[in-house]
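First up is the structure itself, then whatever we jot down about it.
Note that these values count all heavy atoms, side chains included, but never hydrogens, waters or copies made by symmetry. So that the names make sense, note that chain A is the first sequence line, chain B the second, and so on, each numbered from 1.
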Amino acid sequence: MNQLIKELQWRGMIQDIMPGTEEQLNKEMTSAYVGFDPTADSLHIGSLVPILLLVHLQKAGHKPIALVGGATGMVGDPSGKSEERNMLSEEDLNKNVIGVRNQLMQFLNFDASIPNAAELVNNYDWFKGISFLEFIRDAGKHITVNYMMAKDSVKKRLEGDNGMSFTEFTYQLVQGYDFYWLFKNKNCKLQMGGSDQWGNIVTGTELIRRKIGGEAFAFTCPLIKKADGGKFGKTEKGNIWLDANKTTPYQFYQFWLNASDADAAAWIKIFTFLPQDEINALITAHESNPADRILQKKLAEELTIFVHGQSEFDKAVETTQKLFSNTKAPIDALSVEDLESIEGIVRTDYAADKINAGIDILSFLTENTVFESKGAARKMLQNGGVSINREKITDLQMMVEKKHLLHDKFILVQVGKKNYYLVSI
RNA sequence: GGGCAGUUACCAGAGUGGCCAAAUGGGGCGGACUGUAAAUCCGCUGUCUUUCGACUUCGGUGGUUCGAAUCCACCACUGCCCA
């Protein structure tokens, strides 16, 4: 048992904490859980912080329980949502539960030979056997509506103009019951989660107290925001997923590399396991020469390795170097091998005879799915956003022909600074 | 069941007969500057198209009109209040 709470505190990972939590953790090996909603078949980086809470917990010698919300996913958490959620079909839900489960497996140690082996549970397993009547008598009787209405997630919706269905209203009770069930059956005394979960979590500890007089604990981590107030974890391409098939390791690496200075300093504490003095040294080094982006690089390195492994990280760095290290250099600096081995960017194959015959730039771009239509391609060209082989193209009539081929084989298309497409014949 | 308000593009939200593909803000994308930042400034942001223009859009369906996001009827949905 080490100083888990102190560790998390300096990292800025604790928002609210229930009194007595630290004492409980120092007293004995404690089981603690975090719930994950199966809203998609992969987790995204928004779930990374709760995952890291579990990892820290296990490192500190406690027992992590990851709960996949097969049942709660059917209800829909109103927290932080201004309107009623769409219901997922049971089929999608099952698929998502499996996907999320598999991802959680890779971050925690499930080796049954250690006393604090991680455990994975699905709340559908206990909810499927509970009837509605049972539930409202068993759980509902102990919590007043007044209590539930006072919750922020509920209050906001009552004050807003979208209303709230009974289904979503009951969500906190369903989640609260999870905690009760785990407390009773798995001796789980602590729940963690994002700060938006505080209300739901507290309903759980309350239920445990009123129903069986048990004492349960909780703490939450702050929700990650960008310094400029923007949403965290979203880019033009949508969510940053943990699944390499949805977000390539290169894109994942790039996301962290592009963090702003202010964000990087906060995020490196939260998202890496680097010790405090090392982080402070990195921050100092970064401040003396911000252009080197020492923090961003380290942050991106640690996280890409954590999620995708060393070899994927190496490839991501390699791709990054090829594409960005020498953007002023003539394009020939990239060898055939360089181009062939670029990973993580969009590649398309194109008919050689079309290039040999020469093709207009607009058709070339749309046929290689760089743009969806000629209109879109034209607009981007007019805005000066398209480069071929690192040369900005402004001539809408330009013909793409043999002389544009690099090593007789490739054409490197760039949209903006960061979006690369490699066309090969 | 009764009364009232509402439904407009990714979101918020203006528009109450032609000047409406639809103000403004946010978001997104691109450009300049830079460090593949931040801040700032500029451009684009319904679809397709050789910038002409064509087509589809303002909850749905019908109607009035030369002409409808705008007027009328019915329907659906949402919110609030009363029962």
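The partner of B/G67 cannot be assigned: no Watson-Crick or G-U wobble pair with both contacts below 3.5 Å exists in any strand. Nucleotide B/G1 forms a pair with B/C82, judged by Watson-Crick or G-U wobble geometry with both contacts under 3.5 Å. Searching all strands for a Watson-Crick or G-U wobble partner of B/U7 with both distances below 3.5 Å returns B/A76. B/C41: Watson-Crick or G-U partner is B/G31, with both key distances under 3.5 Å.
With hydrogens and angles left out, the side-chain atoms of A/Glu22 and A/Gln9 include no donor and acceptor closer than 3.5 Å. For the residue pair A/Thr304/A/Glu312, the side-chain donor-acceptor check at 3.5 Å is not satisfied.
A donor-acceptor distance shorter than 3.5 angstrom exists from the side chain of A/Asn389 to the backbone of A/Leu412, with no hydrogens or angles considered. No donor-acceptor pair under 3.5 Å is formed between the side chain of A/Arg157 and the backbone N or O of A/Met164.
Between B/U50 and A/Arg378, a contact under 4.0 Å exists linking OP1 or OP2 to a side-chain N or O. Using a 4.0 Å cut-off, some side-chain N or O of A/Lys417 falls inside it from OP1 or OP2 of B/A37.
Heavy-atom nearest nucleotides on RNA chain B were determined for A/Gly385 and for A/Ala376, and the one closer to the 5' end corresponds to A/Gly385. Along RNA chain B, the nucleotide closest to A/Ala291 and the one closest to A/Gln382 are compared, and the more 5′ of them pairs with A/Ala291.
The separation between A/Asn419 atom CG and B/U36 atom P is 15 Å, rounded to whole Å. Atom CG of A/Asp360 is separated from atom C1' of B/U49 by 13 Å (rounded to the nearest Å). Here the P atom of nucleotide B/A37 and the CG atom of A/Leu299 are 16 Å apart, to the nearest Å. A straight line from CD of A/Gln414 to P of B/G30 spans 11 Å, rounded to a whole angstrom. If you measure from atom CD1 of A/Ile393 to atom P of B/G31, you get 14 Å, rounded to the nearest angstrom. Rounded to whole angstrom, the span from the NZ atom of A/Lys226 across to the P atom of B/A37 amounts to 12 Å. Put simply, CH2 on A/Trp256 is 25 Å from P on B/G35, counting in whole angstrom units. Here the C1' atom of nucleotide B/G30 and the OH atom of A/Tyr421 are 13 Å apart, to the nearest Å.
B/A68 sits 15 Å from B/U61 when the C1' atoms are compared, rounded to a whole Å. One C1' atom belongs to B/U16, the other to B/U7, and the distance between them is 15 Å to the nearest Å. Remark: the separation of the P atoms in B/C29 and B/A39 is 13 Å, to the nearest Å. B/G46 and B/U8 are spaced 13 Å apart, taking the C1' atom of each and rounding to whole Å. For the P atoms, the distance from B/A69 to B/G18 is 10 Å, rounded to whole Å. Separating the P atom of B/A22 from that of B/U45 is a span of 10 Å, rounded to the nearest Å. Using atom P as the reference point in both B/C66 and B/G59, the two lie 25 Å apart (nearest Å). Nucleotides B/C10 and B/G79 have their C1' atoms positioned 23 Å apart, rounded to a whole Å.
Checked against B/G35, B/A37, B/G30, the side chain of A/Met380 finds its nearest nucleotide in B/G30. The nucleotide whose nearest atom lies closest to any side-chain atom of A/Lys374 is, among B/C29, B/U36, B/U49, B/U49. Candidate nucleotides B/G35, B/C48, B/C29 were compared by shortest atom distance to the side chain of A/Ser373, and B/C48 ranks first. The A/Lys392 side chain lies nearest to B/G31 when the options are B/G31, B/U49, B/G30. Taking the side chain of A/Gln296 as heavy atoms from C-beta on, and the options B/G30, B/U36, B/G35, the nearest nucleotide is B/G35.
Closest approach of A/Arg11 and A/Leu274 over heavy atoms only: NH2-O, 2.8 Å. Nearest heavy atoms, A/Leu43 versus A/Gln103: N-OE1, 2.6 Å.
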Please write out the pairs of protein N or O atoms and N or O atoms of nucleotides 38-45 of chain B separated by less than 3.5 Å, giving the distance to one decimal.
residue: B/G43; atom: O2'; partner: A/Asn383; partner atom: OD1; Å: 3.4

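For A/Phe371, there are no ring pair (Phe, Tyr, Trp, His ring centres under 6.0 Å) partners two or more places apart in sequence or in a different chain. Residues passing the side-chain hydrogen bond (donor to acceptor under 3.5 Å, both in side chains) test with A/Glu372, sequence neighbours excluded: none.
A/Ala259 comes within 4.0 angstrom of sugar-phosphate atoms only, judged by non-hydrogen atoms across all strands, and of no base. Among the protein residues, A/Leu257 comes within range of the nucleic acid bases, having at least one heavy atom under 4.0 Å from a base atom.
Applying the 3.5 Å distance criterion, the base of B/U36 shares a donor-acceptor pair with the side chain of A/Gln254.
Applying the ring-ring contact (aromatic ring centres under 6.0 Å, His included) test between A/Phe135 and each of A/Tyr177, A/Trp126, A/Tyr180 identifies A/Tyr177 as the sole match.
Seen from the ring of A/Phe324, A/Arg293 does not count as a face-on cation partner, given the 6.0 Å and 45° thresholds.
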